[in-house]
Structures are given as structure tokens and as C-alpha cells.
Amino acid sequence: MTKKTSCSELAIMGSVPAFTSPLYVGCPNIGDRQAFLARVNDILDRRWLTNNGAYVQELERKLEEHLGVKHCIAMCNATVALEITIRALGMSGEVIVPSFTFVATPHSLQWQQITPVFCDIDPTTHSIDPRRVESLITPRTTGIIGVHLWGKPCAIEPLEEIAQRRNLRLLFDAAHAFGCSHNNRMIGGYGDAEVFSFHATKFFNTFEGGAVTTNDDDLAARIRLMKNFGFAGYDNVIYIGTNGKMSEVSAAMGLTSLEHLDSLIELNHRNYKAYALGLGDLPGVRLVPFNGKNSYNYQYVVLEIDSEVTGIDRDLLLQVLHAENVMARRYFFPGCHKMEPYSSHFPHAGLLLPETEKLVQRVMSLPTGTAVTEEDINKICSLIKCALKNGDKLTNSIRLGKEVPCAS
Ligand SMILES: *Cc1c(COP(=O)(O)O)cnc(C)c1O
């Protein structure tokens with residue numbers, strides 16, 4: 001393909017798409033197929049498919065070692081892991097959470113009749129703003145859930161300080177942050193506990209899956225009981241529980257993925273740098289940065305579009321990219337507080353969430369991972385530049401339906 005430069009060359013104006021097949025955000029990373037299939041064969045030979053099998057145990061030990069944490073409890077997914085951990089921590093009444101997160105975070109509270117109280121974000125980090133947490137604490141508040149969005153640690157120390165001083169539980173939704181560190185300590189050991197997602201679209205996947213990590217022995221023991229119906233031993237149920245177990249085939253996928261962790265991070269980092277180079281300092285476009293000496297997984301390449309500067313808003317830019325088969329996506333739109341049941345419970349929540357409301361209109365995420373080549377990234381960057389260069393024209397013709405002479 002020759003580089004598209006004029007507005008008439010864009011697929012949204014009727015031209016041929018830049019990519020013949022769609023490029024998705026969160027296309028799963030698949031490790032060494034033979035290594036995975038060998039493990040699956042072994043599982044089938046042994047006829048031990050689930051219930052704390054050898055592979056789940058091996059994965060838990062390896063993750064504890066990798067994360068430098070005392071306990072890792074593998075789970076069927078992060079949502080159930082959050083629900084169980086919230087319950088095992090004794091949270092009740094109200095818990096403070098960001099609205100700018102995947103809806104599983106507030107749902108895991110509401111599912112247990114705990115009210116999520118939405119807190120606004122810091123617009124530079126996109127994570128919960130600790131300066132706004134304290135004013136939301138009431139006599140019913142029992143905890144805070146911070147989310148390490150995009151794999152960037154949220155304001156851990158300020159949240160720890162508030163939690164300690166106000167006697168609140170502190171849980172981190174680390175669904176995005178596997179393989180990331182903070183102050184040279186891996187994410188996984190902060191707060192009372194942290195919860196990872198190993199869903200297919202996440203950096204490290206086990207098809208479906210997740211894990212709770214904690215350094216608290218009693219908490220770990222309660223979570224282990226709860227995720228297995230409360231069984232303390234053969235025929236001995238001592239607690240109310242549910243089924244949160246990870247299966248052996250998922251653990252086999254996890255162990256296989258674990259062998260590629262470093263090369264995956266390297267590849268994602270290379271992709272990220274290619275995007276940073278390709279998008280340069282485009283006015284009105286901010287690529288969410290990863291700085292400092294910490295490690296990141298670079299699983300999310302996130303842009304903020306300031307339409308007042310670019311002349312084209314986020315949604316129209318997405319339309320332009322989708323027409324080219326670049327399936328970039330909005331994230332957490334329109335914000336959890338605008339989703340049910342929260343929008344009915346708190347119809348005016350948006351008044352307390354001005355930064356969240358702004359960000360959900362501006363943010364988009366681009367394809368990365370093993371399914372995307374550096375050449376693809378260069379093409380995507382030039383498409384974005386072309387769309388921005390023709391921002392006003394595209395806005396006039398697509399949005400406002402005006403006849404615009406394109407060929408210029
Ligand atoms: C993906 C995700 C979850 C849910 O993870 P599952 O494993 O799909 O249940 C929770 N929180 C955040 C922030 C997520 O991105």
C-alpha cells in the first residue's frame with residue numbers, strides 16, 4: 001500500500017481499506033503450541049482435569065516466586081476472584097472504587113449488596129485520585145478498591161495511608177498489571193490483596209482465569225476455602241463457599257505463557273516504542289506514557305484525543321480507523337456510573353466525576369501484541385496522521401454531511 005495522505009484515499013470516503021483483515025485490540029498471545037499440547041496430553045493421560053491438580057499447584061508456586069508474594073490462589077476468572085476476596089476481607093456497606101474501570105470492578109461489590117461509591121480519577125494517571133477518596137468516606141465505608149489501569153500502578157502509598165488511618169480494607173484490581181512493578185517490587189504484594197485477570201485478552205492468559213495474591217496467611221486460607229465450596233477436607237465443609245477453581249487446562253496455558261513472559265514484554269515494548277515514534281508529538285494527541293525505572297507489560301497503547309486541537313473527535317477517528325480494519329476501541333465507555341444498575345441508583349453521579357466524564361470521551365486504545373507487526377504499526381500511525389491532517393474536512397463531510405472537495 002502506498003501511504004494514504006489525502007482524505008479521498010481513506011476507506012471511510014469509499015477507498016480500499018488499508019488492511020485486508022481486522023486488527024483487534026486484545027488479540028490473544030499464544031505461546032509455544034507444542035509445549036502447551038504436551039501438557040494437555042499429560043493432563044488427559046492422568047485424568048486429573050480440575051480440583052487443585054498438579055498444574056494448578058505448579059502455576060501457583062511459580063507465580064508466588066515470580067511475584068515475590070507468599071500466597072497465590074489461582075481462580076476461574078478475576079470477577080469471581082474479586083467477589084471472593086471482597087467477601088473474605090469482610091467488606092460490607094460501601095466501598096470506594098473508580099468509575100473509570102471495567103464494570104466487573106463495581107459489579108463484584110454490587111453482586112454482594114455492597115454499594116460501590118464512585119471516585120473520580122486523576123486525569124494524568126487515569127487512576128483513582130487519592131485526594132478525592134477521603135471526602136467519600138462515610139460511617140458505612142469498609143474499604144477501597146484501587147485499579148492499576150493500563151498496567152500502571154495506581155497511587156498505592158497515598159491509598160495505603162488513608163486505608164490505615166481510617167481503618168479500611170484495601171484491595172487492588174490488578175487485572176491489567178501482571179508483570180508490572182512499583183518501586184522495584186512486583187505488583188501482587190500490595191494492599192490486603194491484589195487480583196489478576198488471566199482472561200484471553202489480557203497480557204498473560206489462561207483462556208479464562210485469574211488469581212488472588214496476598215501476604216496474609218489467614219486471608220489466603222479463607223479464600224482457599226471459599227473458592228472450593230468451603231471444603232476443609234474430605235466431606236468436611238466449614239464455611240459458605242462457591243466454585244472459583246481454575247481448571248488444569250487453564251493452568252497448562254498459564255505455565256506455557258509464563259515461559260514467554262520476557263519475550264512478550266519485549267515485543268509489546270517494541271510495539272509501544274514504534275507507536276511513540278510514529279505518532280511523535282502530534283498536536284492534540286497524548287500517548288499515555290510509561291516512565292520511570294519500573295517494569296510494565298505495555299499491553300495497552302492508549303491515546304487521548306483532544307478534539308479542540310485535532311479538529312476530529314475520538315469517535316470519528318475510531319470510525320475512520322474501523323473503516324481501515326484497525327479495530328481500535330474506546331475503553332470503559334460511558335463510565336460505570338452510566339451503566340445499570342448504577343445509573344438508576346445514582347443518576348447524578350457524573351456531577352462528582354468530571355474528570356471521568358471528560359476522559360471517556362477522549363480515550364482510545366490501539367492494537368498491539370504478537371498479532372501486530374512493526375509495519376502494521378507504521379501503517380496505523382500514518383492513517384492516524386492522515387485523519388488528523390484532514391480532521392476538519394472529515395468532520396464536515398461525515399459528521400455534518402457537507403459536500404467537501406476531498407482531492408487536495
Ligand atoms: C478484565 C478485567 C476484569 C475482569 O476479569 P475477568 O477475568 O474477565 O473476570 C476486572 N477488572 C478489570 C479492570 C479488567 O480489565
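In each ligand, atom 1 is the first atom listed, and ligand 1 is the first ligand listed. Quantities reported herein were computed from a predicted structural model and do not represent experimental measurements. Counting from 1, the numbers follow the sequence of the chain as shown. Worth knowing before you read on, the calculation uses all heavy atoms, side chains too, and leaves out hydrogens, waters and symmetry mates.
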Pair E208 + K202: basic N to acidic O under 4.0 Å =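 No, E208 and K202 are not salt-bridged.
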Should E83 and R87 count as an ion pair when the cut-off is N to O under 4.0 Å?
->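 No, E83 and R87 are not salt-bridged.
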Whether Y342 side chain and S99 backbone form a donor-acceptor pair below 3.5 Å | no
Starting from [atom], what is the nearest protein heavy atom, named by residue and atom, and what distance separates them?
{"atom": "atom 15 (O) of ligand 1", "result": "H176 NE2, 2.9 Å"}
{"atom": "atom 3 (C) of ligand 1", "result": "F102 CD2, 3.6 Å"}
{"atom": "atom 12 (C) of ligand 1", "result": "A175 CB, 3.4 Å"}
{"atom": "atom 9 (O) of ligand 1", "result": "T79 OG1, 2.6 Å"}
{"atom": "atom 11 (N) of ligand 1", "result": "D173 OD2, 2.8 Å"}

Which ligand 1 atoms does [X] reach within 4.0 Å, using its non-hydrogen atoms?
{"X": "N77", "result": "7 (O), 9 (O)"}
{"X": "A104", "result": "4 (C), 10 (C)"}
{"X": "A78", "result": "4 (C), 5 (O), 6 (P), 7 (O), 9 (O)"}
{"X": "T101", "result": "13 (C)"}

What is the ring orientation for F198 with F196, classed by angle as parallel under 30°, tilted 30 to 60°, or perpendicular over 60°?
-> parallel
Would you call N325 and T20 a side-chain contact if the rule is heavy atoms closer than 4.5 Å?
-> no
Among T141, L136, L352, which one satisfies side chain to side chain contact (heavy atoms under 4.5 Å, CB included) with V117?
->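 Option passing the side chain to side chain contact (heavy atoms under 4.5 Å, CB included) with V117: L136.
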Ring centres of W48 and Y55 under 6.0 Å apart?
->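 Ring-ring flag for W48/Y55: false, centres at least 6.0 Å apart.
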Shortest reach to atom 6 (P) of ligand 1 by a heavy atom, considering only S108, G209, S197 | S197
Proximal candidate to atom 2 (C) of ligand 1 [heavy atom criterion; set H199, E208, K202] | K202
Does R330 count as lying over the ring of F332, i.e. NZ or CZ under 6.0 Å from the six-ring centre, within 45 degrees of the axis?
-> no
